[in-house]
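The next block holds one structure in the form of structure tokens; read it before the comments.
Keep in mind that this is a model prediction, so the values were computed, not measured. Quick note on labels: first sequence line is chain A, next is B, and so on, each numbered from 1.
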Amino acid sequence: MELLVASAVGLMTACGVYLTLRKRTFPVIVGIAMLSYAVNVFIFASGRLAIGLPAIITEGASYTDPLTQALVLTAIVISFGMTALIVMMALGAFLETGDDYIGMEDDADAPTPPQEGQK
Amino acid sequence: MNHWIIAPVILPALLAPFIVLVMRHDLSLQRVFSTTGTAVLAAISVVLLYTASTNPPEVYFLGNWPAPFGIVLVLDRLSAMMIALTAVLALLVQLYAISTGWDSRGKHFHALFQFQLMGLCGAFLTGDAFNLFVFFEVLLIASYGLMIHGGGAKRLKAGVQYVAYNLVGSTLFLFALASIYSVTGTLNMADLAVKVAELPAGDAALMRVGAVLLLLVFAVKGALVPLQFWLPATYSFAPGPVAALFAVMTKVGAYAVIRTYTLIFPPNTASTGLLFADLLLPAAIITLVVGAIGVMGATSMARMVAFAAIGSMGTLFIAVAQFTPQAMTAGLYYLVHSTLATAALFLVVDLVQDRRSNDSLRAAAPPFGQHGLLAALFFGATIAMAGMPPLSGFLGKLLVLDATRGANMAVIWTAILATSLITIVGFSRAGSQVFWKAHATTTTQTRPEGKAEPLAFAVVFALLAGLAVMTVLAGPITDWLADTSAELFDRMAYINAVLPTAQE
């Protein structure tokens, strides 16, 4: 089971890193989501892997680490919220600029007129 | 238990939803409540600063759960100082935003601003590593909203980059925390400090991995090379007052480095040793050089200030990487100075951008309203930023130079002195392009009317006055900071406050 979990985390991280380095926003967002899944499994595993054990200490019985479950819950909530946020922002940027490239074109040489929203 | 410790987190946390829910349609009501809230926060922070400087570290047990099982907030001199700095800066920036009307250019400026303050204060107060992650996320979520405040294609695009970069950073933070937890079984900072000190040799490798990952995360926040790429675009496209508030955001990274690597992994830890100093110092020197070259090569004023902010983080981290009390004192002095100086410079540049027809440093533009006054303010702020006498940047750099005598003295002194020169040249070039060459483009003697924004100018003057006060009172301030760094290096005081039963 250790091998399965470890390779799952590794594979997901590898895919996540690859996708995050892409040029368009959609793969980048999918990549970030992938990274956050990988880290969620990783946090879960950091409390040691155990099957079929309760997360509550009862007399005489063995138990699994409850703290990592609380941590992973927090991490899931935050990464879910963040993914929703970046999707909205990417959509806004796409609608505003007409392309979904993540990079900024180098506008260094052309003095740009003040944009809307700016003074 | 002193309940005021939680106030800097609770107050903005309650105020922000109140502003969103009750007064979202009434900007003037938002302004009144939000400014009052920030002013109250500043007052509380002064009280906390006074408490912290007369007492040993104080602990607030959330829900009265004993450490290390519950989350704790710890008030010591460093965290009190950071909160006071944040609150005072926030108050000034908020007055500026109101005066220039920035807060009316999009929705929910004040609510986001309060959430930002909540995240910042929480990050400075918390004594729990996972809770630090949570407060980092709070301040980041608010900063995403503030960054794209006002909209515009460029700003949105820079915002997406900023969010993506920081989301990857957050993932890294979680990887680091999980690795550390798997070794020590705790995430309470004081408990970590105890556990890391008595770590068995077999676990040292995993611990080092976790600790270096953590350093990477803080380097992202602190804009340390090679993880500084998010900063120039973010700061130059963010609204001026938001960029000024962000001056304290990079300092969160510096604070986290100082806290973690003096408390949990001090240089005498068996498993890590001088690893972090050896990693930080070269990165800091390169950061400083990149910042200076960026100031020289920047094509717009806001970008130039962003690179100057990177350079100042380099100087700060050079001092921190020494991990000696004297260098820490110098670093803390420079931290306060560079926060105020960066903020002042961003606000001046925002005032210029508002009046000048373009933001480019390549093309000249005709003179604009309040030309002379803004030139003087720009001059003052850049003197502070570049570290020339008579303002506190000079004293800060002098303290850093004095504290870095030793093995790496030749490299560090060369880097700091040479980059100061490059920065000065870069700033003078920008100043002459914007303020002097303007006269060559026009033959008419009539000047455009300036906008009357007395409060905005007063805020910039206040920031510069703060720098002047730091210069005049440098003696007492460094004495106070010397006590602060002594407290940082006296780990047992912190650990005993959180875990009364811990033994060295």
Quiz item: Are the aromatic rings of B:Y181 and B:F130 close, with centres under 6.0 Å apart?
Solution: no
Quiz item: Distance from B:Q370 atom CD to B:R355 atom CZ, nearest 0.5 Å?
Solution: 4.5 Å
Quiz item: Which residues satisfy the side chain to side chain contact (heavy atoms under 4.5 Å, CB included) test with A:Y101, sequence neighbours excluded?
Solution: A:K23, A:R24, A:D99, B:K157
Quiz item: Given that the side chain runs from C-beta out, which part of A:V28 has a heavy atom under 4.5 Å from chain B: side chain, backbone, both or neither?
Solution: side chain
Self-check item: Residue-level interface, residues 41-55 of chain A with chain B, non-hydrogen cut-off under 4.5 Å
Solution: A:F42, A:I43, A:S46, A:G47, A:R48
Exercise. With a 4.5 angstrom heavy-atom cut-off, could you sort out which part of B:L187 is near chain A: side chain, backbone, both or neither?
Key: side chain
Quiz item: Taking only residues two or more places apart in sequence, or in another chain, which ones meet B:D128 in a salt bridge (charged side-chain N to carboxylate O under 4.0 Å, His left out)?
Solution: none
Exercise. Please state whether the side chain, the backbone, both or neither of A:L85 comes within less than 4.5 Å of a heavy atom of chain B.
Key: side chain
Practice problem: Indicate yes or no: at least one non-hydrogen side-chain atom of B:M147 is less than 4.5 angstrom from one of B:F237. | Solution: yes
Self-check item: Interatomic distance, B:F307 atom CZ to B:I293 atom CD1 [nearest 0.5 angstrom]
Solution: 10.0 Å
Self-check item: Atom pair CG/CE of B:L156 and A:M88 - distance to nearest 0.5 Å
Solution: 10.5 Å
Quiz item: Taking side chain as C-beta onward, heavy atoms only, is B:D350 less than 4.5 Å from B:Y96?
Solution: yes
Quiz item: Which residues, numbered in order, of residues 4-22 of chain A come under 4.5 angstrom of chain B by heavy-atom distance?
Solution: A:V9, A:T13, A:T20
Exercise. Look up atom CG in B:L167 and atom OH in B:Y162, then write down how far apart they are to the nearest 0.5 Å.
Key: 10.5 Å
Quiz item: What do the steps show when you test B:S170 against B:E137 for side-chain hydrogen bond (donor to acceptor under 3.5 Å, both in side chains), and what is the final call?
Solution: CA-CA 8 Å; B:S170 306; B:E137 295 305 306; 2.7 Å; yes
Practice problem: Drop me the distance from B:L192's CG to B:N188's CG, to the nearest 0.5 angstrom. | Solution: 7.0 Å
Quiz item: In Å and rounded to the nearest 0.5 Å, what is the CG to OG1 distance from B:N166 to B:T171?
Solution: 10.5 Å
Quiz item: Of the listed residues (A:I78, A:N40, A:L71), which shares the most heavy-atom pairs with chain B below a 4.5 Å separation?
Solution: A:L71
Self-check item: Residue B:A298 versus chain A: region with a heavy atom under 4.5 Å
Solution: neither
Quiz item: Using non-hydrogen atoms only, which part of A:S79 is less than 4.5 Å away from chain B: side chain, backbone, both, or neither?
Solution: neither
Self-check item: Flag side-chain contact, heavy atom, 4.5 Å: B:S99 against B:F457
Solution: no
Quiz item: Where does B:I148 contact chain A at under 4.5 Å (heavy atoms): side chain, backbone, both or neither?
Solution: side chain
